Visitor: 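This is the structure, below, for whatever I ask next.
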Amino acid sequence: VDRSDGLCLPATTRERVPLFSNADRLHYAASRAEYLRARLFGAMLPLSLLRTAQGHPMLVELKSGETYNGTLESCDTWMNMKLGEVICTSRDGDKFWKMDFCYVRGNTIKYIRVPDEVIDMVNDDARRQRSRGGGSGGGGAGR
């Protein structure tokens with residue numbers, strides 16, 4: 001007999017046997033924490049974050065291991081971005097280059113680090129949209 005508390009009670013014996021292993025419980029706890037964190041910070045789309053981050057410094061690491069520190073000047077829907085006043089660091093971290101600007105193709109990006117103030121700005125914008133009742137769709141004439 002399966003129970004909702006994560007224990008299984010076999011029909012042949014009366015002892016309680018764990019239904020989930022400790023690893024399963026840790027995975028559940030981690031996914032639950034991620035879920036709560038997402039609910040706390042709201043739904044945040046990457047493109048809205050990047051559009052808000054324009055004009056702010058950021059770090060971009062590529063799949064090749066190189067990092068680019070600079071100010072986001074522009075981005076498009078494929079996450080291609082133009083960075084200004086860039087310092088590029090090699091994969092090993094032993095070589096540095098300074099560039100006036102660079103163009104980063106979106107599908108080569110491993111991760112992006114933006115300042116906390118930008119994330120706060122996105123969250124504030126999302127709250128304002130919800131309080132105004134904003135969003136897509138809505139009324140209008142049907143067929």
Side-chain angles (χ1 to χ4, degrees), residues 1-11 15-143:
V1 178
D2 290 333
R3 297 177 38 160
S4 63
D5 62 357
L7 296 174
C8 179
L9 191 61
E15 66 184 67
R16 296 170 72 120
V17 179
L19 182 62
F20 303 111
S21 68
N22 286 338
D24 291 337
R25 287 186 180 148
L26 289 175
H27 176 71
Y28 171 77
S31 61
R32 178 74 177 154
E34 290 170 7
Y35 168 76
L36 292 174
R37 192 175 305 118
R39 292 289 297 169
L40 178 65
F41 291 116
M44 187 180 309
L45 297 175
L47 289 176
S48 64
L49 176 68
L50 285 178
R51 288 193 180 108
T52 305
Q54 289 184 5
H56 293 277
M58 65 171 32
L59 177 136
V60 178
E61 182 172 339
L62 304 184
K63 294 176 184 176
S64 65
E66 295 176 337
T67 61
Y68 293 84
N69 285 293
T71 303
L72 180 63
E73 293 183 2
S74 64
C75 64
D76 63 14
T77 55
W78 293 278
M79 285 181 60
N80 300 324
M81 54 184 72
K82 181 180 177 186
L83 298 172
E85 297 300 316
V86 182
I87 296 176
C88 176
T89 307
S90 67
R91 176 192 307 202
D92 303 328
D94 57 349
K95 297 178 185 170
F96 302 92
W97 298 271
K98 184 168 177 147
M99 299 177 268
D100 292 334
F101 70 92
C102 74
Y103 181 80
V104 179
R105 187 173 166 135
N107 68 350
T108 63
I109 296 172
K110 183 193 289 187
Y111 76 84
I112 299 169
R113 184 178 298 164
V114 296
D116 290 338
E117 66 188 32
V118 174
I119 295 172
D120 295 338
M121 290 166 52
V122 173
N123 288 333
D124 292 342
D125 290 344
R127 275 191 222 105
R128 273 190 242 116
Q129 285 284 339
R130 280 189 297 241
S131 67
R132 272 191 265 153
S136 61
R143 287 190 200 193

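These numbers were taken from a predicted model, which means no experiment stands behind them.
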Visitor: Which atoms form the tightest heavy-atom contact between Arg105 and Thr108, and what is the distance?
Guide: O-OG1, 2.7 Å

Visitor: Going by the side-chain contact (heavy atoms from CB on, under 4.5 Å) test, name the single residue among Ser74, Cys75, Cys102 that passes it with Lys82.
Guide: Ser74

Visitor: Who pairs with Glu85 by salt bridge (charged side-chain N to carboxylate O under 4.0 Å, His left out), at least two apart in sequence or on another chain?
Guide: none

Visitor: Dump the intermediate steps for side chain to side chain contact (heavy atoms under 4.5 Å, CB included) on Tyr103 and Asn80, then the final yes or no.
Guide: CA-CA 7 Å; Tyr103 181 80; Asn80 300 324; 3.1 Å; yes

Visitor: Can you confirm whether Asp92 is buried at CG, in the sense that more than 12 heavy atoms of other residues, nucleotides or ligands lie under 6.0 Å from that atom?
Guide: yes

Visitor: Which residues satisfy the salt bridge (charged side-chain N to carboxylate O under 4.0 Å, His left out) test with Glu61, sequence neighbours excluded?
Guide: Lys110

Visitor: Between CG of Leu50 and CE of Met58, what distance do you get to the nearest 0.5 Å?
Guide: 5.5 Å

Visitor: Got a second to check how far Thr71's OG1 is from His56's NE2, nearest 0.5 Å?
Guide: 10.0 Å

Visitor: To the nearest 0.5 angstrom, please state how far the OG1 atom of Thr89 sits from the CG atom of Leu59.
Guide: 8.0 Å

Visitor: CG/Asp76 to CE/Met81 distance, rounded to the nearest 0.5 angstrom?
Guide: 9.0 Å

Visitor: First locate atom CG of Asp120, then atom OG1 of Thr52, and finally report the distance between them rounded to the nearest 0.5 Å.
Guide: 11.5 Å

Visitor: Quick one: pull up CD1 in Ile112 and CG in Leu62 and give me the separation to the nearest 0.5 Å.
Guide: 10.0 Å

Visitor: If you take all heavy atoms of Pro57 and Pro115, which pair is closest and at what distance?
Guide: O-CD, 3.1 Å

Visitor: Do Leu72 and Leu83 pass the side chain to side chain contact (heavy atoms under 4.5 Å, CB included) test, and can you show the C-alpha distance, the side-chain angles, and the key distance before you say yes or no?
Guide: CA-CA 5 Å; Leu72 180 63; Leu83 298 172; 4.1 Å; yes

Visitor: If you count the non-hydrogen atoms of other residues, nucleotides and ligands that lie under 6.0 Å from CG in Asn107, is the total more than 12?
Guide: yes

